[in-house]
Protein chains: 4
Amino acid sequence: MEFKKSLSIFEQIGMSVQENIINQDWQEGERIPSVRDYATSIQVNPNTVMRTYTLLQDQGILENRRGIGFFVALGAKQKTVQHRKDQFAEEFLPELFKNMDQLEINWDEMKNYYQNWKNQKIS
Amino acid sequence: MEFKKSLSIFEQIGMSVQENIINQDWQEGERIPSVRDYATSIQVNPNTVMRTYTLLQDQGILENRRGIGFFVALGAKQKTVQHRKDQFAEEFLPELFKNMDQLEINWDEMKNYYQNWKNQKIS
Amino acid sequence: MEFKKSLSIFEQIGMSVQENIINQDWQEGERIPSVRDYATSIQVNPNTVMRTYTLLQDQGILENRRGIGFFVALGAKQKTVQHRKDQFAEEFLPELFKNMDQLEINWDEMKNYYQNWKNQKIS
Amino acid sequence: MEFKKSLSIFEQIGMSVQENIINQDWQEGERIPSVRDYATSIQVNPNTVMRTYTLLQDQGILENRRGIGFFVALGAKQKTVQHRKDQFAEEFLPELFKNMDQLEINWDEMKNYYQNWKNQKIS
DNA sequence: GTGGTCTAGACCACC
DNA sequence: GTGGTCTAGACCACA
């Protein structure tokens, strides 16, 4: 797995876990990969994965059954979506709009960028 | 001057300098405040301002005349805008579009958010 | 480690690092000494080594894995040599040729000097 | 006049003055431009030119007649050439040879560079 | 343990 | 006065 340098690794792992939950690759109630397995599979220190898991546990998205492993909490998907939506609206959008104003980018340009991104994603 | 904790101080100073150039508060070819002066005025260590200035110098936005001071480079405004626009398109937008897809937000909602933000900004 | 006063210390450290890479004392992909370790070993402030490392990182000669350390980038040797060769051709040689013309020194004299230098180096 | 950042301005002016003497644009015994005139003509602080003149005076290349101005000393040309030749042999050449060895550049390549430089100079 | 940032204070060459 | 470098020491987040 490749990481951007702009965000800490454990947070990037968190994003990835959340996506797995949203996409229902990891179903609610299901057991997820152990800290050690996941760590080796993405070439990362187990401590780092541990940090991610406990963070998500504190947020009520994961649950830990001692001696067994981590599980996707019930209602995790809905909670995750809400969480990200809040974050999106409060942190991301203001930044976006500020940039649009300063760089004088209008909605048509935005939609243009969007189409490019979609096409590029497919290829 | 107040700083957010999320971004390093010297980078925030850099943003601020760039805005001064874009707004033409600091004209191209003009001498900008000396490292020491600017540092005291924004209550920061001179080394920190120095770091910002030399960084912008490397980017071709500032120039330096020995023993005299730093100056806004010719073409700095255009370069700054382009710089930011590239960064916006390459780092910010993909993130945005990914979120829009995953959170199922369409353009009408976006414009709605934008209006709210504008109104909120005025009040 | 001893330093000349004519060049800044952090640049001299940079030269030294590059030589280590060219000589393959530090292999590509290998981890290099931590900032603190290297600093104490050459009797210099950690900040100074830090400055060197980040500079070389910007030049694509070193890489950084978060919380682990600095590594010699892949292709670093070739890049370093090219880097130096360019600099040599663009900054050093014109100066040389200008002097040769003005001081009326021909190639035979040059080769003579070269032999003397080689002999002196051995003794 | 344009200056490189690698060398201090007063030294670069010194080089330029010496070239004028070697090329006999400034003849021995002749009065040279006043500090103020020269300074304005090359867009530099008079103090800087003064520093150059007094330095060359200390080296016996210029002479100062109080209230009148600076003059090219008798024997200045020969002295200048010798001065530069010494500097060339002691400081410049060792650096050159070290680079040639490390970058594995042979005499044929050098002559090649030389031809390119000559052609480029004409165009 | 690692890098990364920031401060305080000193010293230098240069203009 | 200006930039530029270096040190010493502190604190932080991350792995």
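First the proteins, then the strands, lettered A, B, ... as listed; each starts at 1. Quick caveat, the model's predicted, so the values are computed rather than measured.
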Dot-bracket summary - DNA chain E, pairs being Watson-Crick or G-U whose distances fall under 3.5 Å, with | when paired to another strand: ||||||||||||||.
P46(A) to A39(A) - nearest heavy-atom pair and separation: CA-CB, 3.7 Å
Residue pairs, two or more places apart or on separate chains, that pass side chain to side chain donor-acceptor pair (under 3.5 Å) and touch residues 14-24 of chain B: Q102(A)-E19(B), Q18(B)-R84(B)
Side-chain donor-acceptor pairs of residues 50-59 of chain B under 3.5 Å, sequence neighbours excluded:
| from | atom 1 | to | atom 2 | distance (Å) |
| --- | --- | --- | --- | --- |
| T52(B) | OG1 | F10(B) | O | 2.8 |
| T52(B) | OG1 | T48(B) | O | 3.3 |
| Y53(B) | OH | P33(B) | O | 3.0 |
| T54(B) | OG1 | M50(B) | O | 3.0 |
| T54(B) | OG1 | R51(B) | O | 3.1 |

Residues in side chain to side chain contact (heavy atoms under 4.5 Å, CB included) contact with P94(C), at least two apart in sequence or another chain: W117(D)
With 3.5 Å as the limit, what N/O pairs link the protein to nucleotides 12-15 of chain F?
| from | atom 1 | to | atom 2 | distance (Å) |
| --- | --- | --- | --- | --- |
| dC14(F) | OP2 | R51(A) | NH2 | 3.3 |
| dA15(F) | OP1 | I9(A) | N | 3.3 |
| dA15(F) | OP1 | R66(C) | NE | 3.4 |

First encountered from the 5' end of DNA chain F, between Q43(C) and N64(B): N64(B)
Q12(A): side chain to side chain donor-acceptor pair (under 3.5 Å) partners, not counting sequence neighbours: none
Residue list, side chain to side chain contact (heavy atoms under 4.5 Å, CB included) with R36(B), at least two apart or on another chain: S34(B)
Chain B footprint on DNA chain E, 5' to 3' - any atom under 4.0 Å from a heavy atom: dT5(E) to dC15(E)
Listed partners of F88(B) passing ring-ring contact (aromatic ring centres under 6.0 Å, His included), at least two apart: F92(B)
Sugar-phosphate only, base, or nothing, as touched by Y53(C) at under 4.0 Å among non-hydrogen atoms: nothing
Counterpart residues, ring-ring contact (aromatic ring centres under 6.0 Å, His included), relative to Y38(B) (two or more places apart): W26(B)
Q87(B): side chain to side chain contact (heavy atoms under 4.5 Å, CB included) partners, not counting sequence neighbours: E91(B)
Side chain to side chain contact (heavy atoms under 4.5 Å, CB included) against K79(C), all qualifying residues, sequence neighbours excluded: none
